Amino acid sequence: MKETSTETNPIGQNLIKLISNVCFSVFVFSVLIFTVIAVTYQPPDPWFQSSQALTKTFTQVENATFKTDNSVVKTGEDLSMSPALSPTASLITEATIEISEEKMVNSTSLSVCEEDSSSINCSDPRVLFAIEKFNLKTFKSIVFLDYQKPVDGSKPNECDVAWRFRNKKEKSWRRYRDFRRFRIGIGQNCTYKVTNAFRWHSGLNARKPRSRFNSTRSIGSARISPTTTPDEEINDTIPIVGSETAFKKGRYLYYSRGGDYCKGMNQFLWSFLCGLGEAQYLNRTFVMDLSICLSGSYSQSHKDEEGKDFRYYFDFEHLKETASIVEEGEFMKDWKKWDKTRKSKIPVRKVSTYKVTPMQLKKDKSTIIWRQFDAPEPENYWYRVCEGKAANYVQRPWHSLWKSKRLMNIVTEIGGRMDWDFDAVHVVRGEKAQNKELWPHLDSDTSPDAILAKVKEIVHPWRNLYVATNEPFYNYFDRLRSSYKVHLLDDYKELWGNTSEWYNETMLLNDGKAVDFDGYMRVAVDTEVLYRAKTQVETFYNLTMDCKDGINTC
């Protein structure tokens, strides 16, 4: 018996060892796989919530240009999941009003009922409390940031007051301004109350006076109108490099003009943010050309238009705050200046092909890395730099790209005139409606009668209904007016007309010459008004069952 036991023990031990080795091998293999995933994984860009969706959206290249949806314009402030509030921002709420009211209790000798109700003292803090409470109950779509002290209106019982605010759907920290007139009465409990509130920008006495600098002035042969108040929170001045020492200490990434020039705006953004992302990966300052070319698909002439200022379309101030950039003209001037005064030339690394990856340039110590794009299309597209393995290292900084504050002021004006209480329908027609092969039902599904029938199922009658559309005929939507208060972008032409704030300020950027309110600006404004609607009716999946990108792509 003992001999049998001795003979079987080694067999059991070998079996245990075999099982242990197999388990250990599986463990090691799992750790290896996990390590590879951890090393190669890169977090997604915040565009459409995933890099896969972003790639699908922007890498469909046909005939050397992007064929993506241009009926909406999304930028960084549309992509964040929560508002990026300014560190100094404080919101006006019922709680903050109650605290302010408690502080007033012991400091006021007269009750409201003891005062003359025929003539309101607008400087009384209790008047402002009444207005603040009224606004919180009336305008639920916006948050209030601060108020100015009320001033007298046009009648003894009217007060004008200005405040700064932000729409609750705004994902940036930017602030907007309104000033309104209120009729003030006395309530049953001896407190002030608002008996009537006037419309958007009605409180003219509370409007901030124009500064001397922004009064009527001439630039070249153009005369700037004094009828509007410019937005003094906009600072899109061009940063200057400065001294030779500062230039010498800097490290720059310079992209020469490539094949992306005059392509669609989607391709421009995809390429521009590739360059900016590479600069951030290399810890360098990006040399930026503010002059861009507007594709003919957006211009009034239907021809490519060069010399458009980046600042017409995008928030240059925010870009300066979130990325290290220098304007190309200033950079070239300083480069030539300091290069001449040095005994040895400023070190420059010229890169003639996109196939030299950002990873290969990571340790380069040259003052300037100059990427040149002289190859034929599509080899000369900027975005090629970020393809392949580089996509795992270079992240496009979408958060740095916001729409122009001047365009957003137009958006705010439109929303404010509807008292932030409106719904919207997005109607895509144009080339897609004409292409029956890819969108067989779109034309009929977006006919006036079809739109009205579908909107009635979603939106209550006689609501403010904003129509965001690329349909060129203004009267196309008249059928909707039988059931809704219809608003179209062209109803607000004076907001970019020759007496508007936008017109005046863009002229200053354009050496005193008038700037066209082009197709890209129209889409940008339409997009942001649409996003602020309480109910949004979309073309695809609401009005029609055709796929957004054509047949069989849903």
Side-chain angles (χ1 to χ4, degrees), residues 47-49 57 68-81 83 139-142 166-172 174 176 200 265-266 298 313-314 401-430 432-433 442 445-446 448 451-452 454-460 463-472 474 476-477 480-481 484-493 495-496 517-544 548-549:
W47 182 266
F48 300 142
Q49 302 175 0
T57 301
T68 54
D69 178 30
N70 59 4
S71 63
V72 294
V73 175
K74 286 190 176 183
T75 44
E77 72 268 47
D78 303 318
L79 309 175
S80 302
M81 296 305 294
F139 305 114
K140 297 184 182 297
S141 297
I142 61 178
R166 180 186 300 111
N167 190 282
K168 288 181 179 178
K169 294 184 178 180
E170 173 95 16
K171 295 183 175 68
S172 78
R174 291 185 291 204
Y176 303 91
W200 167 267
M265 195 65 86
N266 281 337
Y298 287 114
Y313 308 99
F314 305 105
L401 193 74
W402 289 357
K403 292 181 182 69
S404 160
K405 178 74 178 335
R406 295 184 179 91
L407 290 178
M408 294 303 297
N409 284 339
I410 293 177
V411 172
T412 301
E413 180 96 11
I414 294 172
R417 290 189 185 185
M418 291 186 282
D419 283 336
W420 305 109
D421 186 20
F422 65 97
D423 304 306
V425 56
H426 182 206
V427 181
V428 178
R429 287 185 54 77
K432 287 188 176 182
L442 179 60
D445 287 344
T446 56
I451 295 172
L452 178 60
K454 183 61 68 173
V455 170
K456 277 184 173 181
E457 297 175 6
I458 303 172
V459 179
H460 293 298
R463 292 272 298 159
N464 286 316
L465 183 69
Y466 185 85
V467 182
T469 184
N470 61 350
E471 169 59 50
Y474 177 82
Y476 186 82
F477 301 99
L480 297 174
R481 299 183 190 278
Y484 297 99
K485 302 171 187 175
V486 175
H487 303 259
L488 292 158
L489 183 58
D490 281 338
D491 293 330
Y492 303 93
K493 284 183 177 179
L495 299 183
W496 59 86
F517 193 78
D518 58 53
Y520 188 79
M521 298 170 184
R522 294 178 67 90
V523 176
V525 171
D526 258 354
T527 296
E528 293 300 327
V529 177
L530 173 70
Y531 286 164
R532 283 154 179 73
K534 290 187 174 179
T535 301
Q536 299 173 20
V537 181
E538 279 290 353
T539 297
F540 300 100
Y541 315 120
N542 284 139
L543 298 181
T544 181
K548 185 176 183 180
D549 297 321

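Numbers for residues simply follow the sequence, beginning at 1. Only a predicted model underlies this, so the values are computations on that prediction, with no experimental measurement involved.
- The backbone N or O of Tyr176 sits nowhere less than 3.5 Å from a side-chain atom of Thr412 that would complete a donor-acceptor pair.
- Here Tyr541 pairs with Lys548, Cys554 under the side-chain contact (heavy atoms from CB on, under 4.5 Å) rule; sequence neighbours left out.
- A side-chain donor from one of Tyr476 and Arg429 sits under 3.5 Å from a side-chain acceptor of the other.
- To the nearest 0.5 angstrom, His426 atom NE2 is 7.0 Å from Asn470 atom CG.
- Side-chain atoms of Tyr466 and Asp491 form no donor-acceptor pair, as typed in the model, at a separation below 3.5 Å.
- By the side-chain contact (heavy atoms from CB on, under 4.5 Å) test, Asn464 is found to be paired with Met418, Phe422, Lys485, His487, residues two or more places apart in sequence or in another chain being considered.
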| request: Apply side-chain contact (heavy atoms from CB on, under 4.5 Å) to Trp402 and Lys171, showing your working. | output: CA-CA 10 Å; Trp402 289 357; Lys171 295 183 175 68; over 6 Å; no

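- Counting heavy atoms from C-beta outward, Leu401 and Phe314 have side chains that approach closer than 4.5 Å.
- Proximity of a side-chain donor or acceptor of Arg481 to a complementary backbone N or O of Phe477 within less than 3.5 Å is not detected.
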Discussion item. Is there a side-chain contact (heavy atoms from CB on, under 4.5 Å) between Lys432 and Phe540? Walk through the geometry before answering.
Written reply: CA-CA 12 Å; Lys432 287 188 176 182; Phe540 300 100; 4.2 Å; yes

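- How far NZ of Lys493 is from CG of Leu488: 10.5 Å, rounded to the nearest 0.5 Å.
- Counting heavy atoms from C-beta outward, Tyr313 and Asp518 have side chains that approach closer than 4.5 Å.
- At least one side-chain heavy atom of Glu538 sits less than 4.5 Å from a side-chain heavy atom of Leu530.
- No side-chain heavy atom of Lys169 sits under 4.5 Å from any side-chain heavy atom of Trp420.
- Residues Leu543 and Val537 have side chains in contact (heavy-atom distance under 4.5 Å, counting atoms from C-beta outward).
- At distances below 3.5 Å, at least one donor-acceptor pair connects side-chain atoms of Thr469 with backbone N or O atoms of Val427.
- To the nearest 0.5 Å, atom OH of residue Tyr298 and atom CE of residue Met521 are 12.5 Å apart.
- Shown here for Ala433 and Leu442, the closest heavy-atom pair between the two residues is N-CD2, 3.7 Å.
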- Task: Check the pair Glu528 / Glu170 against side-chain contact (heavy atoms from CB on, under 4.5 Å), numbers first and verdict last.
- Result: CA-CA 9 Å; Glu528 293 300 327; Glu170 173 95 16; 5.6 Å; no

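- Between the side chain of Arg166 and the main chain of Ser172, a donor-acceptor pair closer than 3.5 Å is present.
- Residues Thr446 and Thr544 have side chains not in contact (no heavy-atom distance under 4.5 Å, counting atoms from C-beta outward).
- Every residue two or more places apart in sequence or in another chain that forms a salt bridge (Lys or Arg N to Asp or Glu O under 4.0 Å) with Lys405 is listed here: Asp231.
- Every residue two or more places apart in sequence or in another chain that forms a ring pair (Phe, Tyr, Trp, His ring centres under 6.0 Å) with Phe517 is listed here: Trp496, Trp502.
- No side-chain heavy atom of Arg532 sits under 4.5 Å from any side-chain heavy atom of Ser141.
- Considering CG of Asn542 and CD1 of Ile451, their distance stands at 12.0 Å, rounded to 0.5 Å.
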### Message
Set out, in order, the CA-CA distance, both residues' side-chain angles and the distance that settles side-chain contact (heavy atoms from CB on, under 4.5 Å) for Val525 and Lys403, then state yes or no.
### Response
CA-CA 9 Å; Val525 171; Lys403 292 181 182 69; over 6 Å; no

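- Residues passing the salt bridge (Lys or Arg N to Asp or Glu O under 4.0 Å) test with Arg463 are Asp421, Asp423, sequence neighbours excluded.
- Listed by chain and residue number, Trp200, His201, Arg417, Leu495 satisfy the side-chain contact (heavy atoms from CB on, under 4.5 Å) test with Glu413 (two or more places apart in sequence, or in another chain).
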